[in-house]
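Written out below as structure tokens is the structure these notes cover.
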2 protein chains.
Amino acid sequence: MRLATKATHQQTRAFNHGLVLRTIYDLGPISRAEIARVTELTRTSVSELVGEAIDEGLVEEVGRGPSSGGKAPILVQVVEDARVVIGLDLGEQAFAGALVDLRGRVQRRIEVPVDGRDGKAALGAVERLVDELVDAAPAGRLLGIGVGTPGLVDTETGEIRWAVNLDWQDLPLGRILAERTGLPAFVANDSRAAAMGEYLFDVNRRAPNLVAIKIGHGIGAGIVLGGELFAGDGFGAGEIGHTSVVDDGVECRCGRFGCLETVASSRAVVEQALAEAARHPDGDLARRLAQNGGELTIDDVAEAVRAGDEQARRIAAAAGRWLGRAVAALIGTLDIRHVVLLGNVTHLGDPWLDAVRDEAARRALTLLSRETSIEIGGTSEDTVLLGASALLMSRELGLVPAR
Amino acid sequence: MRLATKATHQQTRAFNHGLVLRTIYDLGPISRAEIARVTELTRTSVSELVGEAIDEGLVEEVGRGPSSGGKAPILVQVVEDARVVIGLDLGEQAFAGALVDLRGRVQRRIEVPVDGRDGKAALGAVERLVDELVDAAPAGRLLGIGVGTPGLVDTETGEIRWAVNLDWQDLPLGRILAERTGLPAFVANDSRAAAMGEYLFDVNRRAPNLVAIKIGHGIGAGIVLGGELFAGDGFGAGEIGHTSVVDDGVECRCGRFGCLETVASSRAVVEQALAEAARHPDGDLARRLAQNGGELTIDDVAEAVRAGDEQARRIAAAAGRWLGRAVAALIGTLDIRHVVLLGNVTHLGDPWLDAVRDEAARRALTLLSRETSIEIGGTSEDTVLLGASALLMSRELGLVPAR
DNA sequence: GAAACTTTGTCCGTCGACTTGACAAAGGCG
DNA sequence: CGCCTTTGTCAAGTCGACGGACAAAGTTTC
């Protein structure tokens with residue numbers, strides 16, 4: 001429980017409420033007595049808190065468990081569709097929105113292409129998306145709206161400071177959506193939202209600290225510390241895409257030279273592949289280029305890698321090594337043992353992942369990198385959308401970080 | 001307030017106690033009514049908490065302040081010598097220990113050279129140092145022992161995992177000192193301790209997040225997030241000295257190649273200076289080398305820089321630029337607006353600092369680095385020792401992070 | 001200079017929330 | 001079948017923040 005100022009009884013209560021909820025969420029079906037043991041609260045307090053959660057409809061009793069020499073426990077469980085959340089992913093190519101239940105399962109999904117819309121037009125598309133999902137949601141069970149968007153976002157006010165592609169600047173999206181729907185809204189940077197999704201919905205990976213790096217068009221990391229998203233002083237924590245890594249690098253869209261994005265993003269990989277195709281007109285990449293009518297996507301390159309094309313493999317490995325450098329810096333700085341990789345560049349598969357791991361291990365202090373796991377995370381298209389939902393759920397239900 | 005498990009009334013109380021104490025510490029002399037306004041606690045609660053602090057001898061009434069149209073307020077203030085802390089700095093060349101009061105003022109200081117001692121002998125020296133300081137401390141006012149040491153430290157158990165120079169491995173120093181003296185003891189890595197010292201004792205710089213980088217023999221950063229030291233999953237957060245930055249670098253004492261330490265530490269600077277002296281036997285550096293009987297220290301180089309020697313200046317700037325790279329990575333990763341530089345390499349002065357700033361600005365996303373301040377911090381020899389004291393005080397008195 | 005108004009600090013009663021202890025219900029075990 | 005355990009609940013106790021009232025000690029106004 002992080003407090004701005006004073007501590008009160010209400011906060012204590014809210015914290016314990018969240019703690020019990022989280023315990024049921026993680027360990028359920030579970031008995032009240034067991035919750036008391038795990039949380040170290042008394043059985044009395046747990047009973048009261050569980051009762052409250054049942055009244056709210058969040059939890060239900062589901063029969064009795066086996067006895068262990070005494071009265072058989074009454075098991076309680078989270079009602080998975082007790083609430084739904086609207087999760088939005090304002091991607092660079094398309095806006096996706098969905099109704100998500102408490103387990104992070106997508107109930108209904110809508111996607112609209114961006115088609116170059118920006119400014120007011122883009123905002124209008126978001127509003128229509130939200131309206132449609134609000135209408136589709138079961139009455140009275142809608143908990144709120146979580147939004148993941150590229151760019152710099154003030155998560156406290158829900159204001160988008162700066163989103164290049166959509167040409168949004170100082171747009172109070174959180175307030176706009178909250179006023180339109182009467183629901184709480186939470187806006188976060190897409191990489192950070194995805195990180196929180198990995199943290200909340202992946203039951204196996206419940207370490208208190210986690211870094212999720214999303215490598216797609218851009219590169220950004222979400223840093224979860226002690227179960228909470230770390231924002232930094234200016235909501236820019238994790239913006240690693242624009243630290244320069246190449247000494248005499250090419251110009252980046254940010255205006256500077258040699259940024260990580262210029263060598264490790266999907267755009268960079270595709271450009272490398274195009275150059276390679278031009279150099280070897282009879283190669284696999286050139287063949288795919290011709291097939292696709294002069295266009296190549298990251299997934300074309302990924303397929304070439306899987307098909308065993310040596311050039312594609314080299315390109316993937318090179319991109320992976322650049323990323324590995326950044327991962328090494330992260331590990332060295334924060335000593336976080338769990339690194340999750342997200343975004344479409346992960347489709348490049350093992351040659352790429354191995355390069356990331358190898359380079360990270362070689363560049364970070366052995367003692368640290370030895371115990372660090374670097375894995376590819378949720379590969380679904382919904383990572384950001386789910387993460388945004390996770391953030392809203394975590395905030396509205398007061399789900400408390402485990403351990 | 002970060003909680004492992006449940007929240008209780010006692011924690012609420014402890015938190016508010018610390019909050020009041022911290023408010024008096026920062027804003028004192030201050031009236032109870034003013035504390036109530038700042039903390040948003042009621043006057044009643046504040047009165048009780050202040051009364052408690054007075055009973056503990058931590059706070060005293062110091063006359064009345066000016067009236068603002070009503071009864072003149074009774075001002076209270078922290079009794080600066082109400083408690084003393086033993087702060088230890090187990091440096092690579094010498095062990096320093098001191099009694100430190102609540103304002104971070106050194107009351108009595110002892111220093112013993114290490115003289116190559118390690119293992120048990122070094123531990124013995126530490127114990128003698130502590131014994132002497134315990135005897136010198138005013139009876140009943142000793143709050144505990146804070147230790148800053150190089151190496152990897154488990155701050156939770158007070159166990160030193162690995163300290164190369166002293167040849168300590170898995171040494172439970174915290175427990176040893178606690179049992180020997182009956183006092184609470186807290187052990188932390190030296191850079192991290194120094195960071196906490198900068199945070200706690202520098203009244204002007206009270207942002208919630210701060211990074212302090214200590215550049216001496218080794219290079220390490222302490223990361224303060226939300227007023228608390230961030231340790232990472234394996235107590236290695238901030239170990240940036242051994243991330244490799246040079247592609248075809250020289251071998252580092254850690255066994256790998258091109259680490260930051262090989263180009264930006266005091267050792268690296270001195271080596272560069274020696275090479276320069278050999279190259280230009282009639283230069284300023286060579287002259288100083290001869291004067292000192294074949295030895296050069298970082299301070300000799302610093303003096304050469306101040307004297308305007310162009311070669312020394314170039315060496316300083318080069319070292320600064322390498323560090324600037326690391327700072328850029330830090331800012332990009334964490335978006336922390338306050339960076340403090342500590343350690344004897346800071347003696348190189350403006351040419352070095354300018355290089356750090358310039359390189360950091362050029363390599364980090366403009367939007368972030370623009371508002372970041374990079375300053376040289378407490379230049380006294382006691383930074384680590386004071387920081388270790390700060391950590392213990394912060395923990396034992398429950399001093400709560402401001403804002 | 002007295003009355004009216006402010007501000008401060010404390011006292012007392014209230015209330016919210018966790019804890020303790022007791023107890024009935026419900027099961028296993030000898 | 002009786003004894004022991006475990007579970008869940010109830011009533012009483014306690015801790016600690018809150019709110020209102022009030023005296024003390026100022027300032028401002030007339």
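Computed over heavy atoms, backbone and side chain alike; hydrogens, waters and symmetry mates excluded. Per chain, numbering begins at 1; letters A, B, ... match sequence-line order.
Note that CZ of A:Arg105 and CG of A:Asp81 are 8.0 Å apart. Values are rounded to the nearest 0.5 Å.
A:Arg103 and A:Glu80 get closest at one heavy-atom pair: NE-OE2, 3.0 Å. Summarising the geometry of B:Ala193 relative to B:Ala388, their closest heavy-atom pair is CB-N, 3.7 Å, with the distance given to 0.1 Å.
Computed from coordinates, the A:Ile74 CD1 to C:dG27 C1' distance equals 13 Å when rounded to whole Å. Across the protein-nucleic acid pair, B:Arg64 atom CZ and D:dA25 atom C1' stand 7 Å apart, rounded to whole Å. Residue B:Glu61 contributes atom CD, which lies 10 Å from atom C1' of C:dG9 at whole-angstrom precision.
Listed for the B:Arg83 side chain is no donor-acceptor partner under 3.5 Å among the backbone atoms of B:Gly144.
Taking the side chain of A:Ser67 as heavy atoms from C-beta on, and the options D:dT27, C:dG28, C:dT7, the nearest nucleotide is C:dG28.
Phosphate proximity of D:dT9 to A:Ser47: present, with a side-chain N or O under 4.0 Å from OP1 or OP2.
Between A:Leu49 and the options A:Leu21, A:Leu19, A:Val20, a side-chain contact (heavy atoms from CB on, under 4.5 Å) holds for only A:Val20.
The pair B:Arg395-B:Glu228 fails the salt-bridge criterion, with no side-chain N (NZ, NE, NH1 or NH2) lying under 4.0 Å from an Asp/Glu carboxylate O.
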Let me have a per-nucleotide readout for nucleotides 15-24 of chain D, 5' to 3', with B, S or -, counting only protein heavy atoms under 4.0 Å. BBSBBB---B

